[in-house]
Amino acid sequence: MAEVIPKVLLSSGQEIPVIGFGTASPPLPSDQMIAIFLDAIESGYRHFDTALAYSTEKPLGQAIEEAVRRGLIKSRDELFITSKLWCTYNHHDLVLPAIKETLSNLGLDYIDLYLIHWPVRLKPKEITLNVDLEDILPFEMGPTWEAMEECQRLGLAKSIGVSNFTCKKLTDLLALAQIPPVVNQVEMNVGWQQKKLKEFCKEKGIVLCVWSPLGSYGAFWGSNAVMENPLIDEIAVAKGKTKAQIALKWLYEQGVAIIVKSFNKERMRQNLQIFDWELSEEDRIKIGDVPQRRGLPGSEFIGPNGPFKTAEDLWDGET
């Protein structure tokens with residue numbers, strides 16, 4: 001039986017499932033991706049997180065169509081679909097064409113949430129994660145956000161938000177926005193708890209949505225601070241849970257939405273089984289004291305070929 005996932009209310013009036021399914025992946029055959037997404041829907045996932053830069057919008061759209069055909073869902077409206085504006089489209093006149101390309105890829109009339117992927121503006125060119133210094137342009141937050149607001153007014157996106165924004169960048173955005181961002185999607189996990197940003201977003205009515213909840217364990221830039229943490233292992237053994245479940249439960253208790261990613265069907269289901277049990281107060285205190293270190297952030301944007309020489313530049317010193 002599919003798990004039922006709680007939802008969080010956004011300032012736009014929409015509700016976002018607290019656990020979403022991440023689609024960023026090394027290139028895989030389209031039919032394989034479709035099968036994975038169908039497994040996720042069957043397991044109970046109703047929020048899917050994609051992006052133009054991931055090249056997964058088309059197979060996700062095909063999986064949605066097939067899920068309706070099979071009766072796994074009654075209609076597309078049962079799903080919450082997030083996509084993101086890539087840096088080469090962070091230009092006022094390119095935002096609408098970008099979301100229309102996303103909608104065409106997905107085969108949908110609207111998406112539920114559209115995010116600025118990174119606070120970085122690049123020259124218009126083919127999408128690539130290999131960034132050259134000569135491609136970097138000043139990030140014009142105001143004109144870009146104005147076009148994002150138009151996406152919502154036109155009904156192409158029900159809500160709009162940002163990703164990888166610091167407290168400073170959010171402050172700048174809130175000062176000029178007519179429609180405030182409903183979500184900020186950022187790296188957060190046991191090893192990088194984002195306490196300052198979490199409190200800031202809570203104060204401003206912005207839902208924090210988490211990528212890398214397990215520290216991107218196994219990725220070349222990832223961290224072992226979660227999955228090889230002796231404390232997490234100790235709590236998991238004591239509770240008869242997986243280490244991933246302990247890490248995800250801790251995040252859920254922080255009041256954030258979470259983007260998980262596993263293409264293994266058993267782990268897909270395990271990652272949803274975190275709602276009918278609790279961490280102890282002692283567990284919470286110990287996890288709160290875990291040493292903190294960001295993963296390798298924004299690796300495509302940090303030298304020698306990226307527009308930022310150091311992580312401090314990209315993150316406004318908030319490291």
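Computed from a predicted model, the values in this text were never measured in an experiment.
Side-chain atoms of Thr50 and Glu57 include no donor-acceptor pair closer than 3.5 Å. No hydrogens or angles considered: nothing links the side chains of Asn90 and Trp118 as a donor-acceptor pair under 3.5 Å.
Every salt bridge (charged side-chain N to carboxylate O under 4.0 Å, His left out) that Glu234 has, sequence neighbours left out, goes to Lys286. Legend: residues meeting side-chain contact (heavy atoms from CB on, under 4.5 Å) with Gln254, ordered by chain and number and at least two apart, are Met188, Lys198, Trp250, Val256. Residues forming a side-chain contact (heavy atoms from CB on, under 4.5 Å) with Lys195 (at least two apart in sequence, or on another chain): Gln193. Take Glu134 and apply the salt bridge (charged side-chain N to carboxylate O under 4.0 Å, His left out) test, not counting sequence neighbours, and it matches no residue. The salt bridge (charged side-chain N to carboxylate O under 4.0 Å, His left out) search around Glu65 returns none, not counting sequence neighbours. Every residue two or more places apart in sequence or in another chain was checked for a ring pair (Phe, Tyr, Trp, His ring centres under 6.0 Å) with Phe263, and none qualifies. Here Ser262 pairs with Asn264, Arg267, Asn271 under the side-chain contact (heavy atoms from CB on, under 4.5 Å) rule; sequence neighbours left out. Listed by chain and residue number, nothing satisfies the salt bridge (charged side-chain N to carboxylate O under 4.0 Å, His left out) test with Glu146 (two or more places apart in sequence, or in another chain). For Tyr252, the ring pair (Phe, Tyr, Trp, His ring centres under 6.0 Å) criterion is met by Phe275, not counting sequence neighbours.
Glu66 and Arg69 are joined by a salt bridge, as a carboxylate oxygen and a charged side-chain nitrogen come within less than 4.0 angstrom of each other.
The closest donor-acceptor contact from the side chain of Glu187 to the backbone of Ser212 lies at 3.5 Å or more, if one exists at all. A donor-acceptor pair under 3.5 Å is formed between the side chain of Thr171 and the backbone N or O of Cys167.
Screening residues 87-116 for ring pair (Phe, Tyr, Trp, His ring centres under 6.0 Å), with sequence neighbours left out, gives no hits. Among residues at least two apart or in separate chains, salt bridge (Lys or Arg N to Asp or Glu O under 4.0 Å) pairs with a member in residues 77-87 are Asp49-Lys84.
Partner of Ile206 under the side-chain contact (heavy atoms from CB on, under 4.5 Å) criterion, out of Leu197, Val182, Leu170: Leu170 alone.
Environment of NZ in Lys239: crowded, with over 12 heavy atoms of neighbouring residues, nucleotides or ligands closer than 6.0 Å. Lys202 NZ: 12 or fewer foreign heavy atoms inside a 6.0 Å radius.
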### Task
Kindly indicate, with the supporting measurements, whether the criterion side-chain contact (heavy atoms from CB on, under 4.5 Å) is fulfilled by Ile99 and Leu85.
CA-CA 7 Å; Ile99 193 172; Leu85 177 77; over 6 Å; no

List, one per line, each side-chain donor-acceptor pair under 3.5 Å for residues 26-41, sequence neighbours excluded.
residue	atom	partner	partner atom	Å
Ser30	OG	Gln62	OE1	3.4

